[in-house]
Every structure is written in structure tokens, then in C-alpha cells.
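Below you'll find the structure, written out as C-alpha cells, and then a few comments.
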Number of protein chains: 2
Amino acid sequence: MTNTKVYLEIVKQLREMIAADNLKSGDKIPSERELSERLNVGRSSVREALRALELLGLIETRRGEGTFIRDFRGNQLVQLLGTFILQDEKAKLDVIETKNLIEMDLLRLVLNRADEQQVVKLKSLVKAKQLNDDQFFYELIELADNYLFSRIWLILKDYHHSLSLQNEEYNRDSYLMLIEALIEKDEEKTLSAYRQLRNLSILTDKY
Amino acid sequence: MTNTKVYLEIVKQLREMIAADNLKSGDKIPSERELSERLNVGRSSVREALRALELLGLIETRRGEGTFIRDFRGNQLVQLLGTFILQDEKAKLDVIETKNLIEMDLLRLVLNRADEQQVVKLKSLVKAKQLNDDQFFYELIELADNYLFSRIWLILKDYHHSLSLQNEEYNRDSYLMLIEALIEKDEEKTLSAYRQLRNLSILTDKY
DNA sequence: GAAGATGGTGTGGTCTGACCACTAAAAAAC
DNA sequence: GTTTTTTAGTGGTCAGACCACACCATCTTC
């Protein structure tokens, strides 16, 4: 009879409800018991739907308080998928390559978008204290001003971590050289500095 | 007491179980009742974990049969996230920008990786019948030989679709020009052709 | 009056037991 | 040997019962 699983129907209803009431991040949604009554389904079915949305990072539940729409930034979904997806060696190479490509795009965005002042600020930050590689690029990301792109990079960073490669340590000068090129707004020089930082062949036969 | 929610613990256990037994796509996992017993939790908690994984597209349940590990390719997860994430205008711009950047990377990969023969084959395909934009880039993706990157593009493509922009129709000549540049292995010319195809400013102030 | 203690109410978190619908394999009937 | 029937196992759903926790109005104490 009921071919469509109830919990999926509830997910759908919730989406519509959210859209209809124009609920936004941080808003509260009806309680499990109320949803159960309103939709004429068991509370456990409601919970199954909510747990699914929770694991997706779309909602947040707080005991004693309620269920809230979440700010999707930082979905832990990634870790989950990561451990499932990364299996063979080829996939690992793909991760590295993709991360490098994305980071170069990031640099291009920064080149076209960030004003000199911001980059100079980053420069003094690098000089002041030792940032690790992730921290450095995290700083850069914000200058790129593209949230979706940032998300993708964060995902790749996590993937990359889960590869648990030898912890390559890059020296500070490489970063400073990169920053210099950014300040000069010289794309070629910037990418060249990046390749050097990552020890990539300039011939780009392998990014 | 139990700060960690039980269903999350179950998700974790399941992952370990899958890893330990080296279960692969299509394999069956223990029944809900068995998991409930083995992990000393209620069946409803097990179900919450399973429903979450199901919505993620990681498992598949068939009534009367059991629960199976799924092939993640083609996860419907994307549509879900899409409708939730794409809200404000800035996010839309980010999607467009990111998609363009990714596609340019794709072209770079193809430049460095695909042999002329493959590109020529694509050329005759374009000449033979009208491909729409997605189909064209889908063909290109395969030449790039990076599965992770392909996945990212596919997601972006879906996001892009859900923006429901006016259905821009590009003319065939633009594609042919792009292909010519690829055959010549001329990066600058290739990217230039791409920008023209997408009506992007050559000055790259906005990719 | 102000600060702290108390208890009520509503919320999510979990478990249990009971059905139902369905599938596949075993058993029975032919 | 083939077909039909039964049966055991599985996911799907519901209802009810507690628990743990957060919030707030109320009461107590100083």
C-alpha cells in the first residue's frame, strides 16, 4: 500500500513547511510530538526523518529545548562520506590532484578579488607565527569570498587528512614568496610559487 | 550520562563493522533486530541510524529482504542539499563562479592528459549531433580521468540546474573552437575559447 | 526587594512490545 | 519433478512508557 516510506514523506513535508513558513537558520521547528500528531504518523517515524536530516547537518536537536534549523556550514557529512569513498589508490591521487587544482583556483580568486591590504595583513601573520599549511590556506580562503568554493576546499582538506600522508612540512619562505606574488598581482608568478611550494612539476604534466 | 547520542554511536559501529568485514557494495548487513541485540541498544535507535545512512545514500533497505550497502554513485543527496543550501543571491553567484572555475580546471586536465585521438573523437561527436552543454562537458570529464573531480562537477551541475536560470543556448561553433584549441594543446587559447563560450570577461575580473 | 531554591512543563532520547507487509526458502501436495 | 502452501525472517510503523535535560514561574530565604 504505502509504497513511499513514511519518513521520506515527512522529510518532504518538512521541506515544504520550512519553505512555506520561510524558516531560516536558527529557527525552531515543531516538536516531535506535535509533528507526529499533525502529520498523523508515529513519533518514531518523525524521529527517523529528523535523525536523517540531522546527520545531513540540516537540523540540530537540543535535548530539553527542541529542534532547530541549522547553519549548514561545517556539515560533518564529509567525514562520513570520506571514509566510505576513499578506497583505492587511484582515489588518493585524485584527492591530491583535485586539492591542488582547487587551491590554484583559490589563488586566482584572491588575485582578482582581495585588496593589497588584506594580503599584507596575511603576510605579517605568517611572519609573526608559524602557521601550518591548512591554516595558511584557510586564511587565504576567506579572501577569495566564495563560500561554496571554501566548502569544497574544506572537504578536500579533510579527505586529504584522512589519507594520512607523511606530514610534509613546508618552509616559511615558500609561503612568503607566494604572498609576494599575490601582492604584485602576478598570476604566473603566483602559480609558479604555488607549484614550488607543493613540489609540483612546472611542466604541469601532473598538477 | 550518555552524551553521545546512541544512533551516532551505531553509525560509527556500522562503519567499523563494514571496514572490518571488508563489506562491499551490494553486500548485506545484519538485520535490525540482530544489530539491536549485538550492540545492546533498542531497535528504534538502530533504525534511526539506518535511516540516516539511507538518506545519505550509503545503504539501501528492501522490505522483507534486508539492508544492503549501496553504490554511492548517483546519490540523490545532492538535490536535498541543493534545495536547502541555495537560498540567497550570493550563494547562486558562488555556484556559477565555482562551476566555471571547475570547468576550466577540467580543461587543463584534459590538455595535459587526453591524447589527440580522444579529442578528435569528441569533435566528430559534436559535429554529428547537437549535444547540450551538460552532455558536452560530461564527455570532457571522462577525458580528464579524475573521478573525484567528476563528482564535484556533477554536483555543481545539479546545483546549477536547480538555479533554473534561463536556458542559455550556446552555439555549436563555440564548442568546436574550444575543441580545436584542445587539439592544439594551447592552454591560453583553450581558456579563452571557454570564456567566450560562457560570455565571461577576458579580463577575468569575474570568472 | 533581591537572590537563590523548587517544582512544573515541555522537549528530545531511548527502550519495549506489538502488529503489518513483504520476501525467500523450506515444506507439503500434486 | 513441479507446483502450491506454509513458515520464518525482515523491514515498516505505531503506541506507550520512562529518562534526562532546559526553561520558567513560583516560592522561600535572606
Side-chain angles (χ1 to χ4, degrees), chain A residues 1-15 17-18 21 23-72 75-76 80, chain B residues 1-15 17-18 21 23-71 76 80:
Chain A
M1 197 63 25
T2 55
N3 263 342
T4 56
K5 307 186 184 181
V6 171
Y7 92 97
L8 284 178
E9 186 59 29
I10 296 175
V11 168
K12 190 177 159 198
Q13 296 275 345
L14 277 173
R15 287 201 320 195
M17 197 176 300
I18 290 172
D21 298 356
L23 297 182
K24 301 199 66 177
S25 188
D27 289 345
K28 193 174 173 208
I29 65 179
S31 76
E32 297 177 353
R33 291 173 176 84
E34 182 180 341
L35 285 173
S36 162
E37 249 185 70
R38 206 198 289 188
L39 302 178
N40 277 312
V41 295
R43 189 179 156 216
S44 47
S45 293
V46 172
R47 282 186 60 80
E48 290 184 8
L50 290 179
R51 290 300 76 68
L53 291 178
E54 186 180 54
L55 196 62
L56 278 178
L58 298 178
I59 61 173
E60 178 183 2
T61 57
R62 295 200 283 270
R63 181 190 304 199
E65 295 184 65
T67 304
F68 304 85
I69 299 186
R70 190 170 173 193
D71 188 13
F72 315 122
N75 49 358
Q76 82 287 49
L80 271 177
Chain B
M1 194 62 28
T2 55
N3 263 342
T4 55
K5 308 187 183 181
V6 171
Y7 93 97
L8 284 179
E9 186 59 31
I10 296 174
V11 168
K12 190 178 158 198
Q13 296 276 347
L14 276 174
R15 288 201 321 197
M17 196 178 298
I18 290 172
D21 299 356
L23 297 182
K24 303 193 60 178
S25 187
D27 288 346
K28 190 168 177 227
I29 66 179
S31 76
E32 297 178 353
R33 290 174 177 83
E34 183 180 342
L35 285 174
S36 163
E37 248 185 73
R38 206 198 288 188
L39 303 177
N40 275 314
V41 295
R43 190 179 155 216
S44 47
S45 293
V46 172
R47 282 185 61 79
E48 290 185 9
L50 291 179
R51 289 300 76 69
L53 291 178
E54 186 181 54
L55 197 61
L56 277 178
L58 298 177
I59 61 173
E60 177 183 3
T61 57
R62 296 200 282 271
R63 183 191 306 203
E65 295 184 64
T67 304
F68 304 84
I69 299 184
R70 192 173 171 192
D71 185 14
Q76 86 288 44
L80 257 178

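We name chains A, B, ... by the order of the sequence lines, and we start the count at 1 in each one.
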Take B:Ile10 and B:Leu50, measure what side chain to side chain contact (heavy atoms under 4.5 Å, CB included) needs, and give me the verdict at the end. CA-CA 9 Å; B:Ile10 296 174; B:Leu50 291 179; over 6 Å; no
A:Ser36 meets the side chain to side chain contact (heavy atoms under 4.5 Å, CB included) criterion, sequence neighbours left out, with A:Arg43, A:Val46
Would you kindly give the CD-to-P distance between B:Glu48 and D:dT13, to the nearest whole Å? 14 Å
Rounded to whole Å, how long is the line connecting atom CD1 of A:Ile59 with atom C1' of C:dG13? 14 Å
Distance check needed: D:dT10 C1' versus B:Ile29 CD1, whole Å only. 12 Å
Could you tell me which residues satisfy side chain to side chain contact (heavy atoms under 4.5 Å, CB included) with B:Glu37, sequence neighbours excluded, listed by chain and number? none
From CD of A:Glu65 across to C1' of C:dT9 the rounded distance in Å is 15 Å
Any chance you could lay out the side chain to side chain contact (heavy atoms under 4.5 Å, CB included) test for A:Lys28 and A:Thr67, step after step, and finish with the verdict? CA-CA 6 Å; A:Lys28 193 174 173 208; A:Thr67 304; over 6 Å; no
Checking D:dA20, D:dT13, D:dG11 against the side chain of A:Arg63 (C-beta onward), the nearest is D:dA20
Using the side-chain heavy atoms of A:Arg47, tell me which of these nucleotides is nearest: C:dG12, D:dT10, D:dA22. C:dG12
Could you please spell out the steps behind the side chain to side chain contact (heavy atoms under 4.5 Å, CB included) verdict for A:Ile29 and A:Met17? CA-CA 9 Å; A:Ile29 65 179; A:Met17 197 176 300; over 6 Å; no
Closest-nucleotide mapping onto DNA chain C: is A:Arg51 or A:Gly64 further toward the 5' terminus? I mean the 5' end. A:Gly64
Quick one: A:Glu60 CD to C:dG12 P, roughly how many Å, whole number? 13 Å
Minimum side-chain heavy-atom gap A:Tyr7-A:Arg51 below 4.5 Å: no
Which nucleotide wins on minimum distance to the side chain of A:Ser31, given the candidates D:dG11, C:dA24, C:dG12? C:dG12
Side chain to side chain contact (heavy atoms under 4.5 Å, CB included) evaluation trace for A:Glu34 with A:Glu32: CA-CA 5 Å; A:Glu34 182 180 341; A:Glu32 297 177 353; over 6 Å; no
For the pair made of CG in B:Leu35 and P in D:dG11, what is the distance, rounded to whole Å? 8 Å
What is the distance, rounded to the nearest whole Å, between atom CD of A:Glu54 and atom P of C:dG13? 6 Å
Does A:Arg62 make a side-chain N or O approach to OP1 or OP2 of D:dC23 shorter than 4.0 Å? no
If I take atom CD in residue A:Glu32 and atom C1' in nucleotide C:dG10, what distance separates them, rounded to the nearest angstrom? 12 Å
Measure all distances between protein nitrogen or oxygen atoms and nitrogen or oxygen atoms of nucleotides 15-18 of chain C, and list the pairs falling under 3.5 Å.
unit_1	atom_1	unit_2	atom_2	d
C:dC15	OP2	B:Gly42	N	2.9
C:dC15	OP2	B:Ser45	OG	2.6
C:dC15	O5'	B:Gly42	N	3.4
C:dA18	N6	B:Arg43	NH1	3.4

